[in-house]
Protein chains: 2
Amino acid sequence: MGTLFRTRPPLVGQRPYTPSVASSLPATEDDVEAALSLLRAAGGRVTTARRALLEVLYEASDHRTAEELAADVHERLPDVHMSTIYRNLEELERLGVVAHAHLGHGPATYHLASSAHGHLVCARCGWTTEVPDRAFAGLSRDLKRTFGFTIDPRHFALLGVCEGCG
Amino acid sequence: MGTLFRTRPPLVGQRPYTPSVASSLPATEDDVEAALSLLRAAGGRVTTARRALLEVLYEASDHRTAEELAADVHERLPDVHMSTIYRNLEELERLGVVAHAHLGHGPATYHLASSAHGHLVCARCGWTTEVPDRAFAGLSRDLKRTFGFTIDPRHFALLGVCEGCG
DNA sequence: CTCTATGCAAATCTTTTGCACGAAC
DNA sequence: GTTCGTGCAAAAGATTTGCATAGAG
């Protein structure tokens, strides 16, 4: 049903795919500890930089660029380097704790994988509207049936025009 | 119905939004001329670089990075500079002739706005599946009703797992 | 002739990587 | 004491911008 093309291979990185390891975590402050346990279980080490990053991730759970997260971390640990932020975000993504999305132009944004939602981005005013997972239940079912494709509803952005700008 | 957040303004660029000026164009080689007319109508000038870029865009209509498009253009005009490619893609996007999308990591990909489709990107193998517009009709209706948001189905990518990797 | 588009170079912005040292276990 | 994580510097990749000139109208 409908044209289907298969194109070039590696447009997306080689990251191992971990659907939602962390999506069952509760919503309190010791989510941080839970995430740190995950890290340790994976043979990783608990460092102050990692704890701080997790804290700012759990405190403000909307989409934040690596730069913004670094700024937050720096309020507590001024010497944490950007490369550390990036490396840890990568690691946390591998563990399924955070996810990133590319919303239009500009840097990637990171958010907790547990906050399951998609993004609507208004092309006129640039504002971002979050949409809960289940809004995509129907689409999800259709794509599964038609294309055999299982969407990860936490990772995408739809561009369009918001109510105010319409 | 469902949590709705409004967040930070300028995550997406300031590009004026032109839904689908070119979506009614036919599918032949003088699409190029039509696009050039659009350009001229907007006070622009018809240059060899622009004609060449439009030609390669219409010849291979799948997603191509700016780099790939430049390579194609260079087969005819070896001296066209990357900055010219970027500037013209920007201009053509403003006119609604092309659109770009961010598929996972890596550079943005450009395609004709008239080839209306979304992208499914497999997080495991990285392959890209194109999905025709109308697969999103239901979602489109729901989002319109629930959020007042009109999606542009030509501009997004859904991450997930394809049939082969599932 | 006027004004736009181009080439070139350089800058910018985001993200990645190599290496030596310091910290966790 | 090993091994992993971090800071630093530097590179890499993608895109943007300033400026003088060539080219379109």
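Lettering follows sequence order; numbering is per chain, from 1.
- Of the side-chain N and O atoms in B:Thr84, one or more sit less than 4.0 angstrom from OP1 or OP2 of C:dG7.
- Between B:Glu59 and B:Arg64 there is no salt bridge, since none of the side-chain N atoms of the basic residue sits less than 4.0 Å from a carboxylate O of the acidic one.
- Here D:dG18 presents its P atom at 16 Å from NE2 of B:His81, a figure rounded to the nearest Å.
- Here D:dG25 presents its C1' atom at 14 Å from CG of B:Leu39, a figure rounded to the nearest Å.
- When distances run from any side-chain atom of A:Ala66 to the nucleotides C:dT15, C:dA5, D:dC8, the shortest one goes to C:dT15.
- Taking only side-chain nitrogens and oxygens, B:Tyr86 comes nearer than 4.0 Å to OP1 or OP2 of D:dT15.
- Side-chain proximity of A:Pro107 to the nucleotides D:dG25, D:dT6, C:dT15 is greatest for C:dT15.
- With the nearest nucleotide of DNA chain D identified for both A:Asp79 and B:Glu67, A:Asp79 has the one nearer the 5' end.
- Looking at heavy-atom distances under 4.0 Å, B:Thr48 makes no contact with the nucleic acid at all.
- In this structure, A:Arg45 does not reach the C:dA23 phosphate: none of its side-chain N or O atoms is under 4.0 Å from OP1 or OP2.
- OP1 and OP2 of C:dT6 both lie 4.0 Å or more from every side-chain N or O belonging to B:Arg87.
- Taking only side-chain nitrogens and oxygens, A:Thr47 comes nearer than 4.0 Å to OP1 or OP2 of D:dT6.
- With rounding to whole Å, A:Arg64 atom CZ is found 18 Å from C:dT14 atom C1'.
- Ion pairing between B:Glu55 and B:Arg76 holds under the 4.0 Å rule for side-chain N and carboxylate O.
- Between B:Leu77 atom CG and C:dA5 atom P the separation is 17 Å, expressed in whole Å.
- For A:Glu93 and C:dT15, the CD to P distance is 12 Å, given to the nearest whole Å.
- In the displayed structure, B:Glu33 atom CD is contacted under 6.0 Å by more than 12 heavy atoms of other residues, nucleotides or ligands.
- Distance B:Glu90 CD to C:dT6 P: 12 Å, rounded to the nearest Å.
- Between B:Arg94 and B:Glu90 a salt bridge is recorded (basic side-chain N to carboxylate O distance below 4.0 Å).
- Between the C1' atom of D:dT16 and the CG atom of B:Leu89 lies a distance of 13 Å, rounded to the nearest Å.
- Ring orientation note: the planes of B:His63 and B:His111 are nearly perpendicular, at an angle over 60° on the 30°/60° scale.
- In this structure, the CE atom of B:Met82 is 11 Å from the C1' atom of D:dT16, given to the nearest Å.
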